[in-house]
Amino acid sequence: INLEEKFADEIAAAGDVYKWLESRKNAGNFEGIHIGDYFYTNITAGSVAGYNIAAQNFKCRIVGINTYKNCGDNVIGNMLYVMSDEVIDTPIKWNPTDNNNGTATQKNPWLASAAYAVLNGVNNYSTNAYQSAAHGANASAKGILQLLPTTLQSVLKQKRMLLDERYSASGLLTGSTTWAWGDGGKLWLPNEYEVYGCAVRSNLCQT
C-alpha cells in the first residue's frame, strides 16, 4: 500500500515521508509497515561522471525490515531497506572496460566499479589493475545520490555488507578469493543472494 496515504497524518507531523521512516526505524516501530509497501521519490536532472541523467520519478518499495539486524563486524541495528520499481533511464556501464575484477588499490569489484562511483558520488577511477584496465569513475562532483531530495539524502545510511575480493596482478579472476566487511555505499545494487536467495550466475566465494 501507499505509506504516504496510510500514514498521512504521522508523515505531516514528521515533516516528510523520509523523516517519518527514519523516526520509525530509530524507534524500532514498524507497526503497519509491510514488505511491498511503497512511497515515492525523484531525482533531478544533472550531469554525473559524463552521463546526462534525466529527471525521473520512482516508486520505492520496502524490501527489508531489520533484514541484517545484529549482523556485521560493526553490529547493524534497526534498518529499513528500500528498492525502486524503476531503474534509472540512463544506462550506466559497470566499468569503462568490460571487467568485473577489483584493482590493486581496491580489491572489491563493487567498490572498484564505475557503477558504485556514479551512484554514490565518489572518485574511485583507477588503472592500477591487471593490464592497466580502467576501473571506476570520477563522480566526486555529483552522483545519483546528490540528485535525490536533500531530506532523503540526510536519512540514508551506509550499507554494511560482506564484500568479496577478486584481484590478481597475474590475470583476471572468474571467482572471488576471500571477503571482508565493508561499507557498500548509501546507494547499492543487490547481490544475487538478496534477489534470488542463492548464487545463479556468479561463483561462490572461496576462502
key: Shortest non-hydrogen separation from Y18 to P149 and the atoms involved   = OH-CG, 3.8 Å
query = So, Q56 side chain and V87 main chain: donor-acceptor pair closer than 3.5 Å or not?
reply = yes
Nearest non-hydrogen partners of T151 and S154, listed with the distance = O-OG, 2.8 Å
ask   = Mind checking whether L189 and Y196 sit in one hydrophobic cluster, side chains of I, L, V, M, F, W, Y counted as touching below 4.5 Å?
value = no
inquiry  = Testing the basics here: between N99 and W94, what is the closest heavy-atom pair and its distance to 0.1 Å?
reply    = O-CD1, 3.6 Å
ask   = Are V17 and I43 connected in the hydrophobic side-chain network, where two residues link if heavy atoms are under 4.5 Å apart?
value = yes
task = Verify whether one side chain among K186 and N120 offers a donor that lies under 3.5 Å from an acceptor in the other.
result = no
message = Grouping I, L, V, M, F, W and Y whenever their side-chain heavy atoms are under 4.5 Å apart, do L187 and L162 come out in a common cluster?
response = no
ask   = So, for C60 and T41, which heavy atoms are closest and what is the spacing to 0.1 Å?
value = SG-CG2, 3.5 Å
inquiry  = Quick one: does any side-chain atom of K6 pair with a main-chain N or O of G32 as donor and acceptor, under 3.5 Å?
reply    = yes
key: Side-chain donor or acceptor of E4 paired with backbone N/O of Y40 under 3.5 Å   = yes
message = Given 3.5 Å as the limit, does a donor-acceptor pair link the side chain of E165 with the main chain of W179, or not?
response = no
query = Heavy-atom distance under 4.5 Å between the side chains of I62 and L3, does that happen here?
reply = yes
Candidate pair Q131 and L172, rule side chain to side chain contact (heavy atoms under 4.5 Å, CB included), full reasoning = CA-CA 9 Å; Q131 293 185 338; L172 294 177; over 6 Å; no
ask   = Mind checking whether Y167 and L173 have side chains closer than 4.5 Å, heavy atoms only?
value = no
ask   = Taking the six-membered ring for Trp, are Y68 and Y81 ring centroids under 6.0 Å apart?
value = yes
query = Any side-chain heavy atom of P109 sitting closer than 4.5 Å to one from N101?
reply = no
key: Contact summary for I33 and I65, nearest pair of heavy atoms   = O-CD1, 3.6 Å
inquiry  = Under a 3.5 Å distance rule, please check whether T178 uses its side chain to pair with a backbone N or O of D164 as donor and acceptor.
reply    = no
query = More than 12 non-hydrogen atoms from neighbouring residues, nucleotides or ligands closer than 6.0 Å to CG on D9, yes or no?
reply = no
message = Checking I53 against L147 for the side chain to side chain contact (heavy atoms under 4.5 Å, CB included) test, could you report, in this order, the C-alpha distance in whole Å, the side-chain angles of both residues, the deciding distance, and whether it holds?
response = CA-CA 9 Å; I53 307 297; L147 299 179; 3.8 Å; yes
Cation-pi geometry met for K59 and Y38 (6.0 Å, 45°) = yes
message = So if I apply the salt bridge (Lys or Arg N to Asp or Glu O under 4.0 Å) rule between D183 and each of K157, K159, R160, which one comes out positive?
response = R160
inquiry  = Regarding N42 and N57, do their side chains bring together a donor and an acceptor under 3.5 Å, going by distance alone?
reply    = no
request  = Mark yes or no for whether N138, through its side chain, and A49, through its backbone, hold a donor-acceptor pair below 3.5 Å.
outcome  = no
message = Using side chain to side chain contact (heavy atoms under 4.5 Å, CB included), reason through L148 and T44 one step at a time and then give a plain yes or no.
response = CA-CA 7 Å; L148 289 167; T44 58; over 6 Å; no
message = Are V63 and V82 linked, directly or through intermediate hydrophobic residues, by side-chain heavy-atom contacts shorter than 4.5 Å (ILVMFWY only)?
response = yes
request  = Check the pair N108, Q106 against side chain to side chain contact (heavy atoms under 4.5 Å, CB included), reporting the backbone distance first and the verdict last.
outcome  = CA-CA 6 Å; N108 173 255; Q106 174 51 261; 3.4 Å; yes
query = Within a radius of less than 6.0 Å around NZ of K107, do more than 12 heavy atoms belonging to other residues, nucleotides or ligands occur?
reply = no
ask   = Judged by atom type as modelled, is there a donor-acceptor pair below 3.5 Å linking the side chain of E5 to the main-chain atoms of N2?
value = no
ask   = Under 3.5 Å, is there a donor-acceptor pair between the side chain of T103 and the main chain of T105?
value = yes
Heavy-atom closest pair, residues A114 and P96 = CB-CD, 4.3 Å
ask   = For D85 and R61, what are the C-alpha separation, side-chain angles and deciding distance, and is it a salt bridge (Lys or Arg N to Asp or Glu O under 4.0 Å)?
value = CA-CA 7 Å; D85 284 9; R61 292 188 186 274; 2.8 Å; yes
inquiry  = Let me confirm one number: the CD-OG distance from Q146 to S140, rounded to the nearest 0.5 Å.
reply    = 9.5 Å
key: Under 3.5 Å: donor-acceptor pair, side chain of T97, backbone of A134   = yes
query = Do we get R24 above F7's six-membered ring, with its NZ or CZ under 6.0 Å from the centre and within 45° of the axis?
reply = yes
query = Just by distance, do the side chain of W110 and the backbone of G184 share a donor-acceptor pair under 3.5 Å?
reply = yes
query = Under 4.5 Å between side-chain heavy atoms, hopping through other hydrophobics if needed: is there a path connecting I35 to F58?
reply = yes
